[in-house]
Structures are given as structure tokens and as C-alpha cells.
Amino acid sequence: MAIALDFIAPFEPGIFDFLAARAIPGVEEADSSSYARTVLLTHGHGWFRVNWKAGALWLEQDVEDPADAAELRGHVRHLLNLGHNPQMADKALSAHPLLAARVEALPGIRLPGCVNPAEIMIRAMVGQQITVAAARTALAQLVALSTPSRLPHGSMTHFFPAPAEIAARGRDILRGPQRRIESIVAVAAMLAEGSLRIGKGDSYESLAEKLLPLVGIGPWTVGYVAMRVLGNSDIFLPGDAAVRNGYGLLRGDTLTQARSIKAPELSRMAEPLKPWRSYATLHLWRIAGEK
């Protein structure tokens, strides 16, 4: 039986497109109005699907142990940013002359969260400096290392590989520069052994302190992880190509002109949008993806 999820209106369902573009075959299924996946919970295996229908969000779930039901719903709420009050963010972003029309057209845009911090750490590292499609392909190959679910639903038969599984056999699967592969495997090993821990209790500053000294991790990765793991509302990524292109296109540049925009100019543009710059980032990503 599906249950309704509460949220503060409005809800902009473009978050489903974001998740669909990154959905890993074997683990996730998604389209423009739904998202589903396997999930490993405290007492056993689980699965959920969220559907957006007629202005409401409906959750179906399956858990081995009923004690995990509340934990699963908590993951879903964090993933879809359901504790967010979009009216406050939209009001702040609407004050920017270039963003006002976008916010009016897409009120209630949501910041994608996660169901597992270690998973997002690995996904962010795999996705650095490559396209979303290329990252999805690489991550799909890693599923060969992962544990089968005891609650398979449709094509969703496995979990995202655990850090220990990637640390043990990731070199056999990952492709690309050797230094990059070694960085991903090393971070996976640290996550598996507990020498690196990240979670909702972190701040941006504590994440940066933990992650920036590690080989293969730069400011973009820290910012992306802060957005998705912490739900940090004030992350802006001036070095991100899609942010740059989205801003240029928003102000009427050609794509060639947009590519010449420098990070300091982007940072100055976003400064008045504090503390909601993550939502500005989402709007700019969306614009870049529309072209």
C-alpha cells in the first residue's frame, strides 16, 4: 500500500529527471515522475519507489524487518529534500533579475540528497571531470562487484557496491587514468575501514578538512558531497562547467561565449544569493542541460 509523503509546497518534480539521468541499472529505476531503488538498512534489505501523481508524492516500500520502515522513510525524505521550505529560497532567488523568471516558471526546486553518504562519495569521485552519461556507465560496471538484494523488484536486483567491495576489486572494473583509479580505491578502503567517516553530522568545513588532503579530491567534490550528503543550501560551484554554461545561456550568451566566463565572475553573481546558492546551482545546471 502506498503512503502519502508530506512536504511544504510547491514541489518542483525536476528532481526526478536529475535522479533518472544518474540512475544505475541494477540498483535504480527512474523517470520524470518516479524513482525507485534497493537500499541496505540497519536490520536487513529494503526497496522503495516514490511516484509523483496529481500534486502528491506516494511512497511504496518493502523491508525485511519492519523496524527499518522509519529509517527507510527518513532516507526518502532526505533524498527528495522534503524538509525544505522552498518559499524562502524562491523568494531570495527571485530577487536576482536573471533568475526571477526561472524561479517563477519552476517554483519549489529541490536539492537532491542521498540514501548513503559513502555511496555519494564514490559516485562524486567517479563523476569528476567526465559527463553524467560516462559516470553512469562506469558506475553501472561497478555493480558487478555488489551484493544481490533479497528483495529484488524488476531490474533492481543489487545494491550499490559497498566501499569494501570497491576496495577489494575496484581495480578490476574501473577504467581511466591509473592515478584516478587508485584514488577511488584508496578512498573506498578508508570508508570501509572507518578511517574516513562522512555523514549528516558533518559541516562543510569538517568535510573539507577530511577530504581536501586526499589525493584525487578537490573543491568541486567537497561541494557536491556537501550538497547531497549534508543538504547544504549554500553551495556554489564556480568551477563547474554546467554552472558556467547555464549562467551564460541565462544572460543570453552563445555557448561559445559562455565558456569564456571565469569563476570570479560567477562567484560575484552568486554572492547576493546566500544562503540559498545551492538552489541557484540547480537552476543553472537545469539551464545547461536544456541546451
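No experiment lies behind these values; they were computed from the predicted model shown.
- In this structure, the separation between CZ on F159 and CD on E119 is 11.0 Å, given to the nearest 0.5 Å.
- Distance CD1/I173 to CG/L142: 7.0 Å, rounded to 0.5 Å.
- Taking all atoms of both residues into account, the shortest heavy-atom contact from V222 to L212 is CG2-CD2, 3.7 Å.
- Relative orientation of the H153 and W47 rings is parallel, given thresholds of 30° and 60° on the angle between their planes.
- Within the 4.5 Å cutoff, no side-chain heavy atoms of H158 are placed close to those of T38.
- A 4.5 Å side-chain heavy-atom check between L80 and F7 finds every atom pair outside the cut-off.
- M121 and L40 sit in two unconnected hydrophobic clusters of ILVMFWY residues. Membership requires side-chain heavy atoms under 4.5 Å apart, directly or through other members.
- For the residue pair L249 and L255, the shortest heavy atom distance occurs at CD2-N, 4.2 Å.
- One N or O on the side chain of R228 and one on the backbone of G113 form a donor-acceptor pair closer than 3.5 Å.
- A salt bridge is defined here as a Lys NZ or Arg NE, NH1 or NH2 lying under 4.0 Å from an Asp or Glu carboxylate O, and D202 with K210 meets this definition.
- Side-chain atoms of H45 and V39, non-hydrogen and from C-beta on, never get closer than 4.5 Å to each other.
- Between the S34 side chain and the A30 main chain, no donor and acceptor come within less than 3.5 Å of each other.
- Residues I24 and V132 are members of separate hydrophobic clusters, defined by side-chain heavy-atom contacts under 4.5 angstrom among Ile, Leu, Val, Met, Phe, Trp and Tyr.
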Checklist entry - When you look at I109 and R102, which way does the side-chain contact (heavy atoms from CB on, under 4.5 Å) test go after all the steps? => result CA-CA 10 Å; I109 201 166; R102 292 290 303 186; over 6 Å; no
Next on the checklist: Quick one, V103 with H96, criterion side-chain contact (heavy atoms from CB on, under 4.5 Å). Give me CA distance, side-chain angles, the key distance, then yes/no.
Outcome noted: CA-CA 10 Å; V103 175; H96 193 288; over 6 Å; no
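- Atoms CG and CG, from L41 and D68 in turn, are 4.5 Å apart once rounded to the nearest 0.5 Å.
- Between the side chain of H84 and the backbone N or O of G231, no donor-acceptor pair lies under 3.5 Å.
- Using a 4.5 Å cut-off on side-chain heavy atoms (C-beta onward), F236 and L273 make no contact.
- Remark: side-chain polar atoms of R286 are not paired, donor with acceptor, to backbone N or O of L106 under 3.5 angstrom.
- In this structure, W285 has no ring pair (Phe, Tyr, Trp, His ring centres under 6.0 Å) partners at least two apart in sequence or on a different chain.
- Judged by distance alone, the side chain of D90 and the main-chain N or O of G108 form a donor-acceptor pair under 3.5 Å.
- The CZ atom of F16 sits 7.5 Å away from the OG atom of S33 when rounded to the nearest 0.5 Å.
- Counting only distance, with no hydrogens or angles, the side chain of N232 and the backbone of S278 share no donor-acceptor pair below 3.5 Å.
- Shortest non-hydrogen contact noted between A167 and V185 is O-CG1, 3.7 Å.
- Using a distance-only test at 3.5 Å, with no hydrogens or angles considered, a donor-acceptor pair links the side chain of N116 to the main chain of A118.
- Residues F48 and I3 fall within the same hydrophobic cluster, defined by Ile, Leu, Val, Met, Phe, Trp and Tyr side chains chained together at heavy-atom separations under 4.5 Å.
- Taking the side chain as every heavy atom from C-beta outward, L79 and L19 approach each other to under 4.5 Å.
- Formation of a donor-acceptor pair under 3.5 Å by the E12 side chain with backbone atoms of G14 is found in this model.
- In this structure, I184 is a member of the same hydrophobic cluster as L196, with clusters built from ILVMFWY side-chain heavy atoms closer than 4.5 Å.
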Next on the checklist: Between K274 and D234, is the salt bridge (charged side-chain N to carboxylate O under 4.0 Å, His left out) condition met? List the steps.
Outcome noted: CA-CA 6 Å; K274 291 180 176 180; D234 198 34; 5.5 Å; no
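- Considering only heavy atoms from C-beta on, I235 comes within 4.5 Å of Y204 through its side chain.
- No donor-acceptor contact under 3.5 angstrom links the side chains of E104 and S94, judged on distance only.
- Counting non-hydrogen atoms of other residues, nucleotides and ligands closer than 6.0 Å to CD of Q129 gives a total of 12 or fewer.
- Taking each heavy atom of G218 and Q128 in turn, the nearest pair found is N-OE1, 4.1 Å.
- By the neighbour-count criterion of 12 heavy atoms within 6.0 Å, atom CD of E209 is sparsely surrounded, having that number or fewer from other residues, nucleotides or ligands.
- Using a 4.0 Å cut-off between a side-chain N of Lys or Arg and a carboxylate O of Asp or Glu, R73 and E60 do not qualify as a salt bridge.
- At least one test fails for R37 against the ring of Y35: distance under 6.0 Å to the centre or angle within 45° of the axis.
- Across all non-hydrogen atoms, the minimal contact from P152 to R150 is CD-C, 3.3 Å.
- Residues L266 and E271 have side chains not in contact (no heavy-atom distance under 4.5 Å, counting atoms from C-beta outward).
- A side-chain donor-acceptor contact under 3.5 Å links R22 to the backbone of F18.
- The ring pair (Phe, Tyr, Trp, His ring centres under 6.0 Å) analysis of residues 166-200, with sequence neighbours excluded, yields no pairs.
- Nearest heavy atom pair, residue A188 against residue P163, reads O-CB, 3.3 Å.
- Annotation: side chain of P25 is in contact with side chain of R136 (closest heavy-atom distance under 4.5 Å).
- With a 6.0 Å radius and a threshold of 12 heavy atoms from other residues, nucleotides or ligands, K200 has its NZ atom above the threshold.
- T147 and E165 share a side-chain donor-acceptor pair at under 3.5 Å.
- Residues D240 and W220 bring a donor and an acceptor atom of their side chains to less than 3.5 Å of each other.
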Next on the checklist: salt bridge (charged side-chain N to carboxylate O under 4.0 Å, His left out) for D6 and R77? Distances and angles first, verdict last.
Outcome noted: CA-CA 9 Å; D6 64 289; R77 294 193 63 80; 3.3 Å; yes
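- To the nearest 0.5 Å, atoms CG (L151) and CD (Q61) are separated by 11.5 Å.
- A distance-only check finds a donor-acceptor pair linking the side chain of S233 to the backbone of P275 [under 3.5 Å].
- Of the inter-residue distances, the one linking R197 atom CZ with S206 atom OG reads 14.0 Å to the nearest 0.5 angstrom.
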Next on the checklist: As a quick check of understanding, evaluate side chain to side chain donor-acceptor pair (under 3.5 Å) for N81 and Y279, giving each step before the final call.
Outcome noted: CA-CA 11 Å; N81 200 203; Y279 297 92; 2.8 Å; yes
Item to check | Test side-chain contact (heavy atoms from CB on, under 4.5 Å) applied to W276 and M88, step by step | outcome: CA-CA 9 Å; W276 304 109; M88 297 172 63; 3.9 Å; yes
